[in-house]
Participant: 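Can you read through this structure? Questions will come right after.
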Amino acid sequence: MIAQDASRFQDLRRIQTNIAQQVVLEGPAGAVTSIGAVAQSFADDLAFSCAILVDASMNVIDEATAIAKTTVPYIPGLLFFREGPVAMAAIKKLRKRPDVLIVSGCGINHPRFAGLASHLGVELNMSTVGVSQETLCGDYVEPGEACCFTRLTFKGRPLGFVLKTVTGARPIFISPGHRISLQCALQVVQRCVVNHRLPEPLRLAHVKARHFRSATRSGQLAPIRTADTAGRPAHNQ
DNA sequence: GCGACAG
DNA sequence: ATCTTGTCGC
């Protein structure tokens, strides 16, 4: 079965190479008014996702969740295939698509230039930016004090930025996902930094995803239909 | 071959 | 990512 996995993963890598060719590093066209974020939480073989939309003051104005059974283990470089499906389900449940969606993971700072944020952006045809606490690849100089940032490069290409958001905390990695420029990706995240290491929308999405997971597992939430898992339109709440 | 490796 | 108590600091 090891050999089968190897060829299966090879197929997934080919899919990423194809996705990378579709990534657009420009945009968004208009002003970025609404910003959203999506994050996942896991337990056993279940994946819980929460997508939110915030206003200019970082207040949550919309929220959606989704659950799905995981079909792929965590493999560095193949995160989309584990987290992408649930994330997409949650994002699709939002009442309105945000102008830019912040994703918990890498954008083009990926071995094949197709991280979770880029793949989600291409699949959903929306502007996305990847924000991660570590980077899969790339060269950079550690940014000094808070609010400072340095460039992240890989194989001679600019992939994003390393931003020190809070004093005393390690920096975060920002890279465009899809339909967004390097500069805009950085600006959107900078605009969302409040008092924490992660930009507020993403931090909130993380908290809500974890809460959604614990509330669901402890039975404090209405039973979830298996519709999510089957990929059919789900209807929670 | 060796090490590194988003969440 | 997740498992987890106390603890240091603003």
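Residue numbering restarts at 1 for every chain, and letters A, B, ... go by the order of the sequence lines.
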Participant: Would you kindly give the NE2-to-P distance between A:His119 and B:dG7, to the nearest whole Å?
Facilitator: 18 Å
Participant: What's A:Gly77 touching, base or sugar-phosphate or nothing? Going by heavy atoms closer than 4.0 Å.
Facilitator: base
Participant: Would a hydrophobic clustering, with Ile, Leu, Val, Met, Phe, Trp and Tyr connected at side-chain separations under 4.5 Å, put A:Leu53 with A:Met58?
Facilitator: no
Participant: Expressed as a whole number of angstroms, how long is the span from A:Ile102:CD1 to B:dG7:P?
Facilitator: 14 Å
Participant: Nearest-Å distance, CZ (A:Phe154) to P (B:dA4)?
Facilitator: 16 Å
Participant: Can you tell me how the ring of A:His119 sits relative to the ring of A:Phe80, calling it parallel under 30°, perpendicular over 60° and tilted otherwise?
Facilitator: parallel
Participant: Considering every strand and a 4.0 Å limit on heavy-atom distances, what is the contact class for A:Leu78: base, sugar-phosphate, or nothing?
Facilitator: base
Participant: Does either side chain, that of A:Glu26 or that of A:Ser181, offer a donor lying less than 3.5 Å from an acceptor on the other one?
Facilitator: no
Participant: Only one of A:Lys69, A:Arg213, A:Arg217 forms a salt bridge (charged side-chain N to carboxylate O under 4.0 Å, His left out) with A:Asp44, so which one is it?
Facilitator: A:Arg217
Participant: May I ask you to verify if any side-chain N or O of A:Arg213 is less than 4.0 angstrom from the OP1 or OP2 atom of C:dT2?
Facilitator: yes
Participant: Looking at B:dA6, I'd like to know if its phosphate oxygens (OP1 or OP2) sit under 4.0 Å from a side-chain N or O belonging to A:Ser104.
Facilitator: no
Participant: Mind calculating the distance between NE2 (A:His110) and C1' (B:dG7) to the nearest angstrom?
Facilitator: 12 Å
Participant: Please state how far atom CZ in A:Phe42 lies from atom P in C:dT2, giving the value in whole angstrom units.
Facilitator: 8 Å
Participant: For the pair made of CG in A:Leu198 and C1' in C:dA1, what is the distance, rounded to whole Å?
Facilitator: 14 Å
Participant: How long is the line joining CZ of A:Arg197 and P of B:dG7, in whole Å?
Facilitator: 8 Å
Participant: What is the separation between atom CD on A:Gln40 and atom P on B:dG7, rounded to the nearest whole Å?
Facilitator: 11 Å
Participant: Please indicate yes or no: is the ring centre of A:Tyr74 less than 5.5 Å from the centre of the six-membered base ring of B:dG7, with the two planes inclined by under 30 degrees?
Facilitator: yes
